[in-house]
Amino acid sequence: MSLFDSFSISSSGMKAQRLWLDLISNNIANINTTRTANGGPYRRQVPVFAQRLQETMENGIRECGVVVTRVTEDNSPPRMEYDPSHPDANEQGFVAYPNINIVNEMVNMMIASRAYEANATVLESAKSMALKALEIGRG
């Protein structure tokens, strides 16, 4: 594994965490969306992470890191609130709101943010090691 492989691994982690943060911000922005183009309330989006590992016999391990394989929708039932004056209320006066819990989204945001910072720290350490190696070679 070369030094540049650690750059690739860290950048894949940063890319995956940035996508997760984008999905979280989209979920928070749509917390009160009761009507979508597909009908019904907005559905919470969740990324599915997978390990990216491809081995080659000649060159060792290549293409390591993480990748987002797909974005799924949370199929839990919508949150029902009584508001007969709302235009999307049903016959009983209940409105179906998205199934988003703001506390869970904030916790996920903190986790994604910390993981992004950790990958940035690894990238910075690898860069520092490469610069120190160049200084040794300068003699």
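Cluster partners of Val122: none. The rule joins Ile, Leu, Val, Met, Phe, Trp and Tyr whenever side-chain heavy atoms lie under 4.5 Å apart, and it links nothing here.
Checking Asn27 against Ser25 by side-chain atom types alone, no donor-acceptor pair falls below 3.5 Å. Judged purely by distance below 3.5 Å, without hydrogens or angles, the side chains of Asn99 and Ser76 pair a donor atom with an acceptor atom.
A 4.5 Å side-chain heavy-atom check between Asn32 and Tyr97 finds at least one atom pair inside the cut-off. Ser12 places a side-chain heavy atom less than 4.5 Å from the side chain of Arg52. Inter-residue side-chain proximity for Leu23 and Val71 is flagged as met; some heavy-atom pair is nearer than 4.5 Å. His86 has its side chain within reach of Thr34: a pair of non-hydrogen atoms, C-beta onward, lies under 4.5 Å apart. In this structure, the side chains of Val66 and Gln51 stay at 4.5 Å or more apart for every pair of heavy atoms. Two residues are said to be in side-chain contact when any heavy atoms from C-beta on lie closer than 4.5 Å; Asn26 and Asp22 fail this criterion. Within the 4.5 Å cutoff, side-chain heavy atoms of Ile102 are placed close to those of Ile28. Counting only heavy atoms from C-beta outward, the side chains of Leu123 and Phe7 approach each other to under 4.5 Å.
Between Trp20 and Tyr116, the gap from one ring centroid to the other reaches at least 6.0 Å.
When atom types are taken as modelled, the side chain of Ser128 and the backbone of Glu124 share no donor-acceptor pair closer than 3.5 angstrom. Between the side chain of Ser113 and the backbone N or O of Met109, no donor-acceptor pair lies under 3.5 Å. Listed for the Asn30 side chain is no donor-acceptor partner under 3.5 Å among the backbone atoms of Thr33. With hydrogens and angles disregarded, no donor-acceptor distance shorter than 3.5 Å links the side chain of Thr69 to the backbone of Ala50.
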- Item | Working for side-chain hydrogen bond (donor to acceptor under 3.5 Å, both in side chains), residues Ser85 and Asp83 | CA-CA 5 Å; Ser85 64; Asp83 185 6; 2.8 Å; yes
- Test Arg43 against Asp74 for side-chain contact (heavy atoms from CB on, under 4.5 Å), laying out the working first. CA-CA 6 Å; Arg43 294 281 179 179; Asp74 186 357; 5.9 Å; no
